[in-house]
Colleague: 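The structure under discussion is supplied below as structure tokens; questions concerning it will follow.
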Amino acid sequence: MQRHLITSAIPYINGIKHLGNLVGSQLPADLYARYQRARGNEVLFLCATDEHGTPAELAAAKAGKPVAEYCAEMHAVQAEIAEGFGLSFDHFGRSSSPQNHALTQHFAGRLADAGLIREVVEKQVYSNADGRFLPDRYIEGTCPNCGYDKARGDQCENCTKQLDPTDLIDPRSAVSGSTDLEVRDTKHLYLRQSALKDDLDAWIDSKSDWPILTTSIAKKWLHDGDGLQDRGITRDLDWGIPVRRGDADWPGMEGKVFYVWFDAPIEYIACADEWAQAQGGADWQRWWRTDKGAKDVRYTQFMGKDNVPFHTLSFPATILGSGEPWKMVDHLKSFNYLNYEGGQFSTSQGRGVFMDQALALLPADYWRWWLLSNCPETSDTEFTWELFQQGVNKDLADVLGNFVSRVTKFCRSKFGETVPEGCAFGPQENALIETLNSRMDQYCQLMDKMEVRKSAQELRAIWVAGNEYLQTAAPWATIKEDEAKAAMQIRLGLNLIALYAVLSAPFIPTASARMQDAMNVPDMDWPTDAGEALAKLSPGHAFSVPDNLFGKISDDDRSDWQERFSGIRT
RNA sequence: GGCGCGGUAGCUCAGUUGGUUAGAGCGAUCGACUCAUAAUCGAUAGGUCGGGAGUUCAAGUCUCCCCCACGCCA
């Protein structure tokens, strides 16, 4: 039995994610986790919310709530939506957990002991009215270049000129509007990533099976310009993990917190601790410490391409620098972007379809199937309502749903709701079994390699094989001359449904459960041989005819949704 | 402006280390069937692989230049 540790990039807390976010990490991670569990492997699948930093504080302020309360609420919201999509996390944690506090402080202490932390005094803008330092982009003013009066401290959106906050004319706080600003010295900790550059380089080089997208991004950061830069790991904020050196105070760093990019990936580890505690004291270190049983763990991370640098460089730098035997990622699966109707999905602009909206329109399986079978695996990919409608109607309603419908209804009208016996399989059935065996084998190989789109294609071909068989076997014609043969053909058809239920479950768990339920098979192991699998339901076994598995998306629905989601989310 | 990923049938995308007539699904057309969610099955049509030059016995696949789209960065 293999052991799989699987993590999805952790979504930021300030709001509900769109379909592009979903398909870029959580959904394919779930596909893989479900598949590995179905194969009988031991799986720990973790995700969490990323809760620290200025955007969370500001979102909370906007909602008129204390930030801790806001985060707790939003975590519950995201957890519920994740459940709605059938995301089968073993634990959905929080980067603000006590476990992550302790672990982040632990790592910082280890890095400091290893001489990999240096202190830097820098100048930052302080707002007296807000009582806080302001990150560059939360300072507004008039652009010295073009005169635009809402330029941000990091860049003018109007003329795109890069700015320093001190360049702005009449600077003011974007938080309160106050102009009572001053530049103050503030001390921060930097992680000496540059000192780890060669180690990281060698580590990346050892990963020859990673996608080009992944390694090219990592290499670029390692070698471009002056190479990998040191990076600040602390901020002057209230909301975050207090800067401590392990269990000890960190003199001079009182009142400061770790920068969100530093503590967020550590939550992958802390989340296992949270999971263990929720289980009532399971051993989480056997998943994460190679000296404590994690040697045989295969660790796979899923993320969008924008997250690759953190997962290939920053987080590994933290782990390597600690000098402790933490489990490093084995395979890193990154995704391109999903575009929406010719443009981008955008959280900040509210463009596209968001997870809660999607679930309000259609059951999760529709989204899961379309998004996975069209996921942006090797290049950016296009979501349009027309493509979505076509794909879902054809694959789910016509090919799979209708197959279940035609077999069960035919059986009910001719033989009743029990599996008929009939004669033994003949050459046609054996040919089908041969086809299925080869396709199932291919399907598993693709799933093992996380070739998501191709796996979906293969699964679809397996569904099609059922329709092909039915079309040539034609039990509706056979029954007029040879009832026993027709009975056998339908017995095979019913067994196919049960087989499809198991094979399809990683993609469309809800529909699979309904198929399994209708066929009245509570448990079914992953099939290794189609011949065996198609003998699972024996003659006399009772089943029921399910309602149509998938309704179709009408042209009216499509144009209605196209219209409704054309603008900006309010 | 620099860098990065791309530009393959009407559409969405595959094309491993260069090697025989460039693939899939959808859409289109024609045919078969009528059990089924007007579903299914089969067949056919459709591409000078963004443009140009080069390397090679051989290039969608390598090199150079150009054009276009997108993204990241200064």
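What you see is a predicted model, and the numbers here were worked out from it, not measured in a lab. Every chain is numbered from 1, with letters handed out A, B, ... down the list of sequences.
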Colleague: Does one side chain, of A/S554 or A/D557, offer a donor that lies under 3.5 Å from an acceptor on the other?
Modeller: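 Yes, side-chain donor-acceptor contact under 3.5 Å.
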Colleague: From B/A36, B/U37, B/C11, pick the nucleotide closest to the side chain of A/L549?
Modeller: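 It is B/U37.
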Colleague: If you take atom types as modelled and just measure distance, does the side chain of A/D398 reach the base of B/A39 with a donor-acceptor pair under 3.5 Å?
Modeller: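 Absent.
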Colleague: Looking at every non-hydrogen atom in both residues, tell me the closest pair between A/A533 and A/L499 and how far apart they are.
Modeller: CB-CD1, 3.9 Å
Colleague: Using atom C1' of each nucleotide, how far apart are B/A24 and B/G47 to the nearest Å?
Modeller: 14 Å
Colleague: Enumerate the salt bridge (Lys or Arg N to Asp or Glu O under 4.0 Å) contacts for residues 391-407 of chain A, please, sequence neighbours excluded, ordered by first and then second residue.
Modeller: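 Only A/D395-A/R460, A/D398-A/K552 qualify under salt bridge (Lys or Arg N to Asp or Glu O under 4.0 Å).
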Colleague: How does RNA chain B read in dot-bracket, base by base from 5' to 3', with Watson-Crick or G-U pairs under 3.5 Å and | used when the partner is on another strand?
Modeller: ((((.((..((((.....[...)))).(((((.......))))).....(((((..]....))))))).)))).
Colleague: Phosphate oxygens OP1/OP2 of B/A39: is one of them under 4.0 Å from a side-chain N or O of A/S405?
Modeller: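 No, because none of the side-chain N or O atoms of A/S405 sits under 4.0 Å from OP1 or OP2 of B/A39.
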Colleague: For nucleotides B/U44 and B/A9, find the distance between their C1' atoms and express it as a whole number of Å.
Modeller: 14 Å
Colleague: My understanding is that only residues two or more places apart in sequence, or in another chain, count here; which of them pass side chain to side chain contact (heavy atoms under 4.5 Å, CB included) with A/K454?
Modeller: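 Testing A/K454 for side chain to side chain contact (heavy atoms under 4.5 Å, CB included), a comparison that skips the adjacent residues, returns A/L446, A/E451.
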Colleague: Under 4.0 Å from any atom of RNA chain B, heavy atoms only: list the residues of residues 433-455 of chain A that qualify, in numerical order.
Modeller: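 Correct list: A/R453, A/K454.
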Colleague: Could you check whether A/F410 and the base of B/C35 form a stacked pair, meaning centres closer than 5.5 Å and planes differing by less than 30°?
Modeller: no
Colleague: Could you pull out the protein-nucleic contacts involving nucleotides 41-45 of chain B (nitrogen or oxygen on both sides, under 3.5 Å)?
Modeller:
unit_1, atom_1, unit_2, atom_2, d
B/G42, OP1, A/E468, OE2, 3.4

Colleague: Scan A/Y337 against the nucleic acid and name what it touches under 4.0 Å (heavy atoms): base, sugar-phosphate only, or nothing.
Modeller: nothing
Colleague: When you measure from the side-chain N and O atoms of A/R460 to the phosphate of B/C26, is any distance below 4.0 Å, counting only OP1 and OP2?
Modeller: yes
Colleague: Which of residues 413-427 of chain A have a heavy atom under 4.0 Å from RNA chain B?
Modeller: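 The answer is none.
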